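Proteins come first, then strands; the chains are lettered A, B, ... in the order of their sequence lines, and each starts at number 1. For the numbers below, each heavy atom of this structure counts, side chains included, while hydrogens, waters and symmetry mates do not. It should be emphasised that the depicted structure is a prediction, and the values quoted were computed from it without experimental measurement.
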Number of protein chains: 2
Amino acid sequence: MNLSQKCQYGLRAMFELAKRNSQGPLSIPQIAEAQAIPPRFLEQILTQLKHAGYVESRRGVQGGYLLASTPYEVTVGEIIRLFEGPLSPVKCLAGQGGGDCPLLGDCAFIELWERAQAAVEEVYDSTSLQDLIDRERAAAARRTVNFCI
Amino acid sequence: MNLSQKCQYGLRAMFELAKRNSQGPLSIPQIAEAQAIPPRFLEQILTQLKHAGYVESRRGVQGGYLLASTPYEVTVGEIIRLFEGPLSPVKCLAGQGGGDCPLLGDCAFIELWERAQAAVEEVYDSTSLQDLIDRERAAAARRTVNFCI
DNA sequence: TTAAATCCCTAGTGCAACGATCGGGATAAT
DNA sequence: ATTATCCCGATCGTTGCACTAGGGATTTAA
């Protein structure tokens with residue numbers, strides 16, 4: 001069920017990069033401050049995102065990180081899988097070897113786990129970074145209207 | 001995402017009690033063997049299930065544990081919540097106090113987490129122990145047919 | 001050419017949760 | 001009285017998580 005802090009930081013970093021996609025590279029301190037992430041920890045997270053091909057980096061003065069693709073192309077599901085592995089509630093689904101389940105074969109729960117996994121995958125895989133940006137804007141607009149009323 | 005081993009053991013124990021509901025109390029060794037659960041660990045788990053009101057116990061010779069209600073009345077969702085707490089992917093949804101999220105209020109992700117939580121809740125809360133028993137029987141029947149063919 | 005800003009890599013650390021075990025006590029049936 | 005069972009509290013080893021630290025490599029700018 002639970003997503004790790006690292007995964008959430010990773011998503012927030014990607015979100016920040018997506019929001020300010022046109023401003024050139026964002027440095028670690030910039031992202032860290034905007035999204036309240038410990039900077040040295042963020043460094044590790046960005047390295048991981050880079051190795052997986054989701055961001056690019058520029059070194060030296062004025063350097064930083066950039067999205068490797070557009071916010072429309074990246075889904076939340078991909079990022080979560082990068083940090084958490086398969087989105088399955090139990091190990092025996094995750095590992096293709098079946099893990100070490102002693103009830104292999106006639107487990108009454110497998111179908112249940114598969115359905116739960118499919119349900120969250122539907123949500124996460126159908127949401128792109130751009131969707132998050134759009135929703136944030138919509139929420140901000142709603143807040144403004146409420147404030148006026 | 002992941003359910004703890006303890007939670008899975010708890011579900012399997014409940015499932016075993018449900019399957020053999022009419023046979024009188026099941027002892028810890030009986031359940032442990034049938035479901036491949038370390039006996040001393042199972043003891044703790046059954047205690048937890050008892051305190052929460054899901055099972056009853058009989059002491060002494062011929063004692064053991066019984067389901068406190070019918071397999072139709074208990075959902076998988078309840079049991080999972082007993083061991084794992086709220087079915088939310090992030091802390092800030094789980095704690096009614098909002099946890100310690102520094103972005104409280106204008107977080108672009110909240111709606112996403114709510115949707116993911118609702119998706120798994122739909123699956124887990126709509127499955128009773130009896131459903132699991134029925135599905136296991138159906139799966140066994142399917143295997144028999146395949147074997148005959 | 002030097003200096004500053006930035007990313008890059010490899011450890012290492014403290015803590016809490018998890019999975020499991022242990023010892024010994026209470027209770028009930030025979 | 002004996003035995004089978006549950007009951008309770010403590011403990012223990014491992015692992016993963018969240019985070020910190022130190023020192024190096026590049027690139028731009030002055």
Atom CZ of B:R59 and atom P of C:dA26: how far apart are they, to the nearest Å?
10 Å
For B:E43 and B:V61, take the nucleotide of DNA chain C holding the closest heavy atom to each; which residue's nucleotide lies nearer the 5' end?
B:E43
Report yes if a side-chain nitrogen or oxygen of A:K50 is closer than 4.0 Å to either non-bridging phosphate oxygen (OP1 or OP2) of C:dC7; otherwise report no.
no
Quickly work out the B:Q44 CD to D:dG9 P distance and round it to whole Å.
12 Å
Just wondering, are more than 12 heavy atoms of other shown residues or ligands nearer than 6.0 Å to CD in A:E114?
yes
In sequence, state the C-alpha distance, the side-chain angles, and the governing distance for B:V76 and B:M14, and then conclude on side-chain contact (heavy atoms from CB on, under 4.5 Å).
CA-CA 9 Å; B:V76 169; B:M14 288 293 284; over 6 Å; no
What is the distance, rounded to the nearest whole Å, between atom OH of A:Y65 and atom P of C:dA5?
17 Å
For atom CD of B:Q62, is the number of surrounding heavy atoms from other residues, nucleotides or ligands below 6.0 Å larger than 12?
no
For A:S4 and D:dG16, is the shortest distance between a side-chain N/O and OP1 or OP2 below 4.0 Å?
no
Nearest-Å distance, CZ (A:F41) to P (D:dG16)?
15 Å
To the nearest angstrom, how far is B:L3 atom CG from C:dA17 atom P?
18 Å
To the nearest Å, give me how far apart CG (A:L42) and C1' (C:dC7) are.
12 Å
Could A:R12 and A:E16 be called an ion pair, given the rule that one side-chain N must be under 4.0 Å from one carboxylate O?
no
Below the 4.0 Å mark, does C:dC7 have OP1 or OP2 next to a side-chain nitrogen or oxygen of A:H51?
no
When you measure only distances, ignoring hydrogens and angles, does the side chain of A:R40 come within 3.5 Å of the base of D:dG22 through a donor and an acceptor?
yes
Could you check whether B:I28 gets within reach of a base, just the sugar-phosphate, or nothing at all, counting any heavy atom under 4.0 Å?
sugar-phosphate
What's the NZ-C1' distance between A:K91 and D:dT15, to the nearest Å?
10 Å
Mind checking the CH2-OG spacing from B:W113 to B:S88? Nearest 0.5 Å is all I need.
10.5 Å
Just call it for A:Y9: base, sugar-phosphate, or nothing, with non-hydrogen atoms closer than 4.0 Å on any strand.
sugar-phosphate
Atom pair distance, as rounded to whole Å: CD in A:Q62 and P in D:dT28
10 Å
